[in-house]
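Accompanying notes for the structure given below.
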There are 2 protein chains.
Amino acid sequence: MTNRQPTLDEVAQRAGVSRGTVSRVMNNRQHVSGKAREAVERAVRELGYVPSMAARSLASQRRGAVVLAISSDDSALFSNLFFAEVITGINDVIEETDLELLLVLAASERGRNRLARILQSRGADGVLLLALRENDPLAKIAESGGVPVVHGGRPLERAPRHYVDADNRGGARQAVEHLIATGRRAIGTITGPLDMHAGVNRYLGFREAVALAGLGDERVAHADFSQAGGAAAMAELLDRHPDLDAVFVASDAMAVGALEVLRGRGRTVPGDVAVIGFNDIVTARHTSPPLTTIRQPIEALGREMTRMLVRLINDEKPTSLILPTELVIRESA
Amino acid sequence: MTNRQPTLDEVAQRAGVSRGTVSRVMNNRQHVSGKAREAVERAVRELGYVPSMAARSLASQRRGAVVLAISSDDSALFSNLFFAEVITGINDVIEETDLELLLVLAASERGRNRLARILQSRGADGVLLLALRENDPLAKIAESGGVPVVHGGRPLERAPRHYVDADNRGGARQAVEHLIATGRRAIGTITGPLDMHAGVNRYLGFREAVALAGLGDERVAHADFSQAGGAAAMAELLDRHPDLDAVFVASDAMAVGALEVLRGRGRTVPGDVAVIGFNDIVTARHTSPPLTTIRQPIEALGREMTRMLVRLINDEKPTSLILPTELVIRESA
DNA sequence: ATGAAAGCGCTAACAT
DNA sequence: ATGTTAGCGCTTTCAT
């Protein structure tokens, strides 16, 4: 059980070659003859040799690991399937590359310090950051680690150097175009917070689409992505624009609130008012009626973030990415 | 930026002591005089010294990390807030102990091999396993790593050596007792699969509670924890026992299906039939009526699993744990 | 209580 | 193409 693992030297001896050669084989280097390579591979197999990560990273000065840092109390991120999906995507790429994935929940001061320490101790070759809010201190900490950083989603102000994001604007446009295509004309929107990138861009997408169709863009209420906020905004919208026949709601959570208000006011959905959300949270399937919404390519987001990070670690120069969204038609629009 | 980190030797020099002493201080060892300790601590602070994990693990033969391995395609685990909560609990303890957390999705053959390699290369000091299904190959792989393993939840057959589980049986009993306390007498149950530990034990809890109250336990239908299964079982139950005035459903997903059938058959909830679920998934808040259910202490589960693992790593002999559940009263019962 | 010295198992630079 | 030689930065005996 606790049989000491064989070392590289033992493999070298068994294969009848030098340690240098074994090392070269283990790292797929060139300058190794076919027979030498074979001999080593056999020895490795026979001995069940697995290189020691610790020794390897000490000697090579790289860790063979990346860290995924999360400001976790952000429940929008953590709930739903978001996290599961993004992790799945990340894992796909991690598996291909033989890196390890370190998970750090860095919501608290303490967690942030941990991240800082890990980076300072060269505990990781790169950092993956998810859906940071405005001025999240994590960004600076990650940046100061001296290793590449890739953001999933982007803060409003300055776009990070390397990010992957969903096409919020395009998704919003897509949603409104669907509304238009199904005959709606008095289209309103409930926006998210306009100090968030997603909030702003979904609003811009709405405006773009109505403008393109020659419709008015005056039916607007602002909220905060929450269900309660969505309900309040829906009430406001209905009061100010009784003619409303469709509403693009910038998050599913808000849409749930909107649906409640609509029902309370005796408006049928989608009969009187069509409703379309954004995110495709699980709940969207279970509202009544089931919510038509815009789905983000979350697994792809994880995958592309990680690919980008791997490229950066290998000193390539990848470019930031925006991933397309998808319209999921259910019954509310 | 890429200023080389100071080494232990530099700290020693600056503090005017030997490397041995610095090492002892860094690891909170005794046999260090007050002044020596202080001098070292000052030097550490001034130099911003952070020990190299790689060197440390190479020299000490331990990794300073534990791995959380997941058979991820199990969506029951990954959806809801389960994952978020259990991770939060794990992270709490990890933070206290200065371990690192490695995440390995080991659903595929490839993922499993990765786990095996990590363990063989002494890449982790312990393994956390979550909610494995029957005969999951992960159990053996983890076991063969030569490091301690802690299970969250337990397989039906042989209980693992070290596990933390929720009190499925007690939770079920609690649910049924609530039904009884609110005046129900013709109580049925929709069980989960009886080849799963949770399935069996929730059923046992039901039987215990009705027996204790002198009620019959004949109103039973079996399903598979899924929404569709729950719907079918509800229909069956209603057909066979029209007198039913309450039902304990062994999972919220099934309860959602049951609620639909009840509505379809014109039975009001909780008027005609009270319904109580198990798990407290997010959706439970949004069914109509909102679902009364049994909540598992998921964050505590993560916390206790990790505590147990840490103890095992330190060669202590912790005992397995069963954590109490909580009744969440909403409107369906 | 502290210092000195010998590795931990690998990679990388330099020879050959 | 392969062998040789230093380390990588720490922990850990063993002395003292």
Side-chain angles (χ1 to χ4, degrees), chain A residues 2-41 43-44 47-65 98 100 117-118 120-123 125, chain B residues 2-41 43-44 47-65 98 100 117-118 120-123 125:
Chain A
T2 317
N3 270 331
R4 208 180 41 66
Q5 291 291 325
T7 69
L8 183 148
D9 304 65
E10 285 160 18
V11 173
Q13 211 171 339
R14 171 113 180 192
V17 300
S18 71
R19 309 164 8 152
T21 299
V22 176
S23 175
R24 286 184 263 267
V25 172
M26 292 311 294
N27 295 285
N28 305 308
R29 289 286 201 316
Q30 40 220 238
H31 302 296
V32 182
S33 71
K35 36 189 65 179
R37 167 159 271 134
E38 257 176 61
V40 170
E41 279 165 354
V44 165
L47 263 34
Y49 170 69
V50 177
S52 150
M53 278 305 296
R56 181 177 278 190
S57 23
L58 179 56
S60 68
Q61 298 293 58
R62 74 190 84 184
R63 185 36 161 49
D98 251 311
E100 290 177 355
R117 284 184 75 82
I118 288 178
Q120 278 171 53
S121 65
R122 290 235 146 276
D125 301 326
Chain B
T2 316
N3 269 332
R4 209 178 40 64
Q5 290 291 325
T7 68
L8 182 148
D9 305 65
E10 286 160 17
V11 174
Q13 211 171 338
R14 172 114 180 191
V17 301
S18 72
R19 308 157 18 144
T21 301
V22 176
S23 174
R24 287 183 263 267
V25 171
M26 292 309 295
N27 296 285
N28 306 308
R29 289 286 203 315
Q30 40 221 236
H31 301 297
V32 181
S33 70
K35 37 189 68 177
R37 167 159 271 135
E38 257 174 60
V40 170
E41 278 165 354
V44 165
L47 263 34
Y49 169 68
V50 177
S52 150
M53 277 304 297
R56 182 176 276 191
S57 19
L58 179 56
S60 67
Q61 297 294 58
R62 75 190 82 184
R63 187 30 163 50
D98 250 310
E100 290 176 355
R117 284 184 74 82
I118 288 179
Q120 279 171 51
S121 66
R122 289 235 147 274
D125 301 327

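Residue numbers begin at 1 in each chain, while the letters A, B, ... track the order of the sequences.
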query: For C:dT2, does either OP1 or OP2 sit under 4.0 Å from a side-chain N or O belonging to B:Ser18?
result: no
- prompt: Out of D:dT11, C:dC10, C:dA1, which has the shortest distance to the side chain of B:Arg56?
  reply: D:dT11
- prompt: Quick one: does A:Pro51's side chain get under 4.5 Å of B:Arg117's, heavy atoms only?
  reply: yes
- prompt: Going by modelled atom types, is there a donor-acceptor pair between the base of C:dT11 and the side chain of A:Arg19 at under 3.5 Å?
  reply: yes
- prompt: How many Å lie between CD on B:Gln61 and P on D:dC10, as a whole number?
  reply: 16 Å
message: What is the distance, to the nearest angstrom, from the CD atom on B:Glu38 to the P atom on C:dA1?
response: 16 Å
statement: The answer to which of B:Ala54 and A:His31 contacts DNA chain D further toward the 5' end, by nearest nucleotide, is A:His31
- prompt: If we only count heavy atoms from C-beta on, is the A:Glu100 to A:Met53 side-chain gap below 4.5 Å?
  reply: yes
query: How is A:Arg62 classified with respect to the nucleic acid when contacts are heavy atoms under 4.0 Å: base, sugar-phosphate, or nothing?
result: sugar-phosphate
- prompt: Just to confirm, is there a sub-4.0 Å distance from OP1 or OP2 of D:dC8 to any side-chain nitrogen or oxygen of A:Ser60?
  reply: no
- line: Exactly one of B:Val40, B:Val22, B:Val44 clears side-chain contact (heavy atoms from CB on, under 4.5 Å) with B:Leu8, and that residue is B:Val22
- prompt: Is the phosphate of C:dA12, meaning OP1 or OP2, less than 4.0 Å from a side-chain N or O of A:Arg29?
  reply: yes
- prompt: Going through the distances and angles, do B:Met26 and B:Arg56 end up as a side chain to side chain contact (heavy atoms under 4.5 Å, CB included)?
  reply: CA-CA 11 Å; B:Met26 292 309 295; B:Arg56 182 176 276 191; 4.1 Å; yes
message: So for A:Arg122 and D:dG9, does any side-chain atom that can act as donor or acceptor lie under 3.5 Å from a complementary atom in the base?
response: no
- prompt: Phosphate oxygens OP1/OP2 of C:dC10: is one of them under 4.0 Å from a side-chain N or O of A:Ser57?
  reply: no
field: For atom CG of B:Leu58 and atom P of D:dT12, their distance in whole Å
entry: 12 Å
